[in-house]
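Numbers here simply count residues along the sequence, with the first being 1. Because the structure is a prediction, the values reported are computed rather than measured.
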Amino acid sequence: MMGNCIRKNRIFTVIFAVLAVTIAGGAFPLCAKEVVLGGKAGWSDYQTKQNLTTGRGRYGYDCIQIETNSFVYDSDTDLLIDFENSAGIISDGDYKILRNNLSATNRTKNERLAGLSRNLGGLSVMGNPGTFFGSEGLTGSFSIEFWLCPSLVENGEVIFNWESSKTVANELVYQVLSGMFDRGHLEWFFSNFFDGFDTPDGQNEIHLRGTTRLIPNEWSYHVLSFDSDTGLLEYRLNGSTEDLCYVTSNGMESGEVFLVYLGTPSEVNLCGEYTGAIDDIRILRRPYDSPSFQSADYGGKIGHTQYLPHGGRFVSRPIMISTGAVLKSLEAEMSVPAQTDVSFFVRSGDNFYSWTESEPAWRPVRSGERISGVNGLYFQVAAELYPDGSGEITPSITQIALNFDELPAPLPPFVVKASAGNGSVTISWNYSVDDTAGGYYLYYGSRPGEYLGRVAIEGESPIDVGNTTSFTVTGLENGKIYYFALAAWSARDKRVVGELSKEVFARPLAYR
């Protein structure tokens, strides 16, 4: 059934060419039609999309590619900084930026941008009330995570620093949580961070020392984690434990846990004295459990990949062509580096409202090869993208062109006239010069170019007036102007509707 308005298709680019082809049931020439997904129009609309994002493709157009293996947002995220938006690098969390001396760099492990520090004071943020570092008093579990790519790994370079003060037994004591390089390793230092905790020498201080030497210009994944249920304080590098201790009364899991007690809220400084890149900085209100990015197994060794190891998939929205349309080929403009791959699938039918994920069945096709036996009123295309074996390279698709043969849309009448009456308007026209026209739809409305009429006794716009050259619309309001246009429908299939004719108008009046 036709809708009551005309809409332009903004998703697909369409190109026509007439072919001298005859189909069974009548001498109807077919049109060669090309529907383009992506390209100049971009990739803004899908029916479904999984693990895909937009990148820069050929000719400067957007392309679709596999999403990077970055952190996943969740309800425990207190702060996330991923540098993807230079105007607002905080992607999630109730923190504000006090100072930002980092610049954006495309030397990144995840997504398209990272932060670059040149030892100029780094980035300082302040948590609003209710955030982990913006609140005073006892708090629970936490983890601090980030990716690091140092240029130098010099002794004393500071990656993370938080300093505050609190009152203990009527005395003011200073608190520190910092992470800095020492002899090629990252070392964490805590002072007066845990409530009531004392070492045997009477100091409220803890050191966690990394054992793996960091390599300049290589990315590494760092996690500092505290579990308030067990008291486990742990530093992990690339998923493996570097150092740990139990912040408990006996230094073991069986002891009474000493909780974090934060004093006056103060700023968190990142990369204050550091040269290199940092990315995906995250503070969570839970201890470390498993990577929130997806890991891959390489012969028993678990590692992180730049792109999601299982690849991604998209499915286009159903594309309406015409009854009996035949898909001839799929031509993809894409980049498929060594070891990566892209698979395409198509399906078709006359009523997409009854389609499921698996019915009608998807048919695999190859770009550039001729397709046979795929026809219908609606078509749909899907693509699956796979990274290389190490997860460091993604394929990309800039454009997909679907080439069809379809019934041509008939031409509209060239001559259209409107004559007003008492509460009515009579529209008259000449037959279309196109012998594929089987009848006409009459569109009407009260504004130029908007045919949304609903008041006529003969029905809502558009009205199927059949194969005639005159029609009277009644039930209209006298004194009000109305606008009309006609479109021819195909004698082969009423759902194939041509372009609108020129617009005419008339104003019904009582004395006519």
Side-chain angles (χ1 to χ4, degrees), residues 1-10 12 14-35 318-327 348-353 375-379 404-418 425-445 448-454 456-474 482-505:
M1 180 177 179
M2 294 292 295
N4 65 351
C5 64
I6 296 294
R7 297 181 180 177
K8 291 184 179 179
N9 192 326
R10 299 180 179 177
F12 310 117
V14 182
I15 302 171
F16 295 93
V18 177
L19 299 177
V21 179
T22 301
I23 62 176
F28 285 83
L30 292 178
C31 278
K33 180 176 183 179
E34 182 182 75
V35 175
I319 306 166
M320 182 178 177
I321 307 298
S322 66
T323 298
V326 178
L327 178 62
S348 62
D350 286 335
N351 183 7
F352 78 87
Y353 295 103
N375 53 71
L377 173 62
Y378 293 96
F379 291 79
F404 301 90
D405 283 344
E406 72 152 6
L407 288 173
L411 296 172
F414 291 152
V415 177
V416 182
K417 298 179 180 179
V425 173
T426 298
I427 310 299
S428 58
W429 61 93
N430 292 345
Y431 281 115
S432 170
V433 297
D434 192 336
D435 58 7
T436 67
Y440 304 91
Y441 286 111
L442 175 61
Y443 296 83
Y444 72 95
E450 295 184 4
Y451 308 114
L452 307 177
R454 302 170 60 92
I457 294 174
E458 291 72 23
E460 298 180 0
S461 175
I463 303 169
D464 184 353
V465 298
N467 193 14
T468 184
T469 58
S470 179
F471 190 83
T472 300
V473 181
T474 62
Y482 292 90
Y483 299 84
F484 303 86
L486 286 151
W489 46 259
S490 173
R492 177 75 184 196
D493 187 338
K494 279 189 176 182
R495 292 172 295 186
V496 180
V497 182
E499 294 182 357
L500 292 175
S501 69
K502 73 172 185 178
E503 183 178 83
V504 295
F505 61 88

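Using bins of under 30°, 30° to 60° and over 60° for the plane-to-plane angle, the ring pair F379/F404 lands in the perpendicular bin.
With sequence neighbours left out, the side-chain hydrogen bond (donor to acceptor under 3.5 Å, both in side chains) criterion links T472 to T426. In this structure, the side-chain hydrogen bond (donor to acceptor under 3.5 Å, both in side chains) partners of E503, at least two apart in sequence or on a different chain, are Y451. Listed by chain and number, the residues in a salt bridge (Lys or Arg N to Asp or Glu O under 4.0 Å) with E450 are R447 (sequence neighbours excluded). Residues that satisfy the side-chain contact (heavy atoms from CB on, under 4.5 Å) test with F352, not counting sequence neighbours, are P318, W355, Y378. In this structure W489 satisfies the side-chain hydrogen bond (donor to acceptor under 3.5 Å, both in side chains) test together with D464, sequence neighbours excluded. The ring-ring contact (aromatic ring centres under 6.0 Å, His included) search around Y444 returns none, not counting sequence neighbours. Legend: residues meeting salt bridge (Lys or Arg N to Asp or Glu O under 4.0 Å) with D434, ordered by chain and number and at least two apart, are absent. For T474, the side-chain hydrogen bond (donor to acceptor under 3.5 Å, both in side chains) criterion is met by E458, not counting sequence neighbours. Shown here are the side-chain contact (heavy atoms from CB on, under 4.5 Å) partners of A409, two or more places apart in sequence or in another chain: V496.
Using a 4.5 Å heavy-atom cutoff, the side chains of K33 and I321 are in contact. Between N467 and Y431 there is a side-chain heavy-atom pair separated by less than 4.5 Å. Looking at heavy atoms from C-beta onward, L442 lies out of side-chain contact with P462 at the 4.5 angstrom threshold. Put simply, the side chain of L486 does not reach to within 4.5 Å of the side chain of Y441, judged on heavy atoms.
For W429 and Y440, the distance between ring centers is under 6.0 angstrom.
Taking OG of S432 as the start and CZ of F414 as the end, the distance is 6.5 Å to the nearest 0.5 Å.
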ask   = Going through the checks in order, is the side-chain contact (heavy atoms from CB on, under 4.5 Å) test met by V433 and L411?
value = CA-CA 7 Å; V433 297; L411 296 172; 4.2 Å; yes

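Judged purely by atom type and a 3.5 angstrom limit, D350 uses its side chain to pair as donor or acceptor with the backbone of L377.
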